[in-house]
Amino acid sequence: MSERRPTALIADDEPLLRSSLARLLAKAWPELEIVVEARNGREAVERFEELAPDVCFLDVHMPGLSGVEAARFIGRRAHLVFVTAYDQYAVQAFEHGALDYLVKPVEPARLADTVARLKERLGAAHAPRPASGTEALLDALAARLRRDGAAPVHLRWIRLSVGPSVRLVAIDDVDYLRADEKYTLVAWRDGGKPEEGLIRTPLKELSAQLDPARFAQVHRSVIVNLRSILNVTRSSNETAEIRLKGRPEILPVSRSYTHLFQQM
Amino acid sequence: MAIATPSAPPPPRRGLARVFAPRRLAAVAIAAAVVSLFIWPGWQSRYVILYGRLLFVGLWMLLSFGVLEVWPARLPRWLARWGLQVMGVAATVPFAAITVYAFMTPSDPPFWEDTLRLTGFGLLNLFGLLVGPWMAVSAVFRQITGAAEHQALTFELTRSELERKAADSQLRLLQARVEPHFLFNTLANVRELVDAGSPQASPVLASLIAYLRAAVPRLEEATSTVERELELVRAYLEVMQMRMPDRLQYVIVADDAARALACPPTTLLTLVENAVRHGIDPSEDGGRIEVRASVRGERLLAQVLDTGVGLAASGRAGSLGTGLTTLRERLALTFGGAENVRVTLVAVEPRGTCAEVELPARRDGGA
């Protein structure tokens, strides 16, 4: 379809395994250009948003956001190949969902099969992207890979637009969320530094997905991370104000929510 | 795995229910019947009266036997409980006999002036004194042997339970060692070192071999030393550092006194593997592991600190987790009870965890 070389992303938390896969790919598929390597799922998603490679090789087991969770964010925008060292359950799930996967240490013959399949799909006029219906499978797999797989699944990551780039933010790093016309403003911390970003998901929809032990709605348009609260002061008319740790903003607490902060 | 357990003994009866337990009542009733057969041939009155009198005396003896079983609560050292019971039973006989003849069946001339009735009174006393204390002695004896049997059974049960636990933890130790995930990932790394012609390949392979040698357990080996444990920990950490050079730093600190001490195999390794698996590996930025071994008085203290994701983030708040719980069980079995060992896992500020093991300090390898 186009003359440009196909591009790929490799995500693995172990640097030697990233270079190992790159070395094997260079032999099996010399035209493929590895445009970026990522150290974890979050980096993989952020780099993918930046560079939109054709193929993503995702290690299943990565710190923070796993390869399977990253796959959910990337969705059907790329061809995905999962890489795992040993996980019978994951392998079964991939087989079941007709997803591409490689087992570490990667065998050159097996990689050649995968490359042939990928070339075929990339070469098709309207490249058929991974089948739909795999989302549920990936969700189940992601829940199982997490250690607290039994706990109710709350939102753990938010994909934000920060200026022109996309950032993936852990929900624990979010200080508060504020409804803002068409968007929701997300105030978070990048290694302690206060940052802000926007998402399209309405506040109401987010509120249902948040862990109620950590986040509380305090106003029609504000949800706050309870750990980020410095103090709460009562003001007139049965309302209150929240001051945050390390941020200058003051958040309003409306009358119907002041009971959250009443002393017993 | 399940072993047959004898059913628990019924809860002990208390108060009168215990004194007049059905089995005891039956014994008294049968004894009264047997004795009545001896007296009956010369008896001039109705059988019911004979049997009633015998039963009455018997029940009084049973009452005093039962009362003295629990009262007084404390006895002087020279007086055995069973002796007191037998004497009490004997002493009850004349009083009960007098009560029967003088008050329950009073007659116009008092019974001691009536030869027939006096004879009956005498026989009642005689048989009461012959049979009562003897039955008391046999009852006490039965109780003593019963208690001994029960104790022996309980002891046997405890012992087999301990053996089962030891076998269990040995089995879990076998199963837990060398995760395939660890092995295949590590081998994939080593292969890359070899393919790339890295000079690191050989030393890393040596560390992997050292780790595998220790981690694939040899059953006959029951003890190790802190020194050897630390070598194993270093081999493991070197392998992990090859795999995640940007995410893992470590330091091992131990004094010579601690290095010489005995230590059950893979105790320290379990703590360190735990710190990597739950602290460093889930963290994007990784962290640092500090392994310390020292002697505190008569105790060996081993600490593993990590600056990883912490307890809450890895879902371990308030619990030791499977690995450390198994370790604690194993150590408790090795050192003769949970009170002799301590395994704790606490959060460290600003982030990370500290796992500690405290054991009795033993110098020799054999135990």
Side-chain angles (χ1 to χ4, degrees), chain A residues 11-24 26-27 37-44 46 59-66 83-91 102-108 145-151 156-157 168-173 191-192 211 213-214 227, chain B residues 178-201 204-205 208 238-248 274 276-287 306-319 321-323 350-351:
Chain A
D12 196 311
D13 55 318
E14 300 185 18
L16 284 171
L17 299 187
R18 292 198 297 269
S19 41
S20 169
L21 187 57
R23 174 193 307 279
L24 291 165
K27 278 190 198 144
E37 293 186 4
R39 297 160 63 238
N40 51 56
R42 187 181 51 75
E43 276 188 14
E46 288 176 6
D59 178 24
V60 169
H61 179 92
M62 288 191 286
L65 194 74
S66 75
V83 188
T84 183
Y86 177 92
D87 189 331
Q88 269 178 320
Y89 182 84
V91 165
L102 293 166
V103 177
K104 289 189 269 191
V106 176
E107 298 293 330
L145 287 170
R146 277 201 299 277
R147 289 194 172 72
D148 55 337
R156 293 173 68 234
W157 299 87
L168 209 56
V169 175
I171 199 73
D172 291 349
D173 293 335
D211 181 359
R214 290 188 180 175
R227 290 188 198 172
Chain B
V178 196
E179 280 189 3
H181 193 269
F182 166 84
L183 193 58
F184 289 121
N185 250 322
T186 304
L187 289 173
N189 274 275
V190 171
R191 196 184 67 177
E192 170 58 15
L193 289 179
V194 172
D195 285 354
S198 160
Q200 235 195 318
V204 163
L205 208 49
L208 178 63
E238 268 169 19
V239 167
M240 289 315 291
Q241 203 178 30
M242 160 199 66
R243 290 179 45 185
M244 34 173 101
D246 48 341
R247 292 202 293 140
L248 175 65
N274 220 48
V276 169
R277 191 173 307 150
H278 300 297
I280 306 298
D281 193 36
S283 166
E284 284 183 2
D285 303 323
D306 72 76
T307 59
V309 295
L311 295 177
S314 50
R316 289 176 299 157
S319 91
T322 329
R351 60 199 283 259

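In what follows, every heavy atom counts, from backbone to side chain, and hydrogens, waters and symmetry copies are set aside. Residue numbering restarts at 1 for every chain, and letters A, B, ... go by the order of the sequence lines.
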Region of Arg191(B) in contact with chain A, defined by heavy-atom distances below 4.5 Å: side chain
Which heavy-atom pair separates Phe184(B) from Lys104(A) by the least distance, and what is that distance? CB-O, 3.8 Å
Whether Arg39(A) and Asp246(B) form a salt bridge (side-chain N of Lys/Arg under 4.0 Å from carboxylate O of Asp/Glu) is what I want to check. yes
Bottom line for Leu24(A): the part with an atom under 4.5 Å from chain B's heavy atoms is side chain
Of all heavy-atom pairs linking Glu192(B) and Leu16(A), the shortest is CG-O, 3.2 Å
Report the option among Met244(B), Arg243(B), Arg247(B) that has the most heavy-atom pairs separated by less than 4.5 Å from atoms of chain A. Arg243(B)
Measure the spacing between CG of Asn189(B) and CG of Asp12(A) and express it to the nearest 0.5 Å. 8.0 Å
Correct closest heavy-atom pair for Glu284(B) and Leu65(A) would be OE2-N, 4.5 Å
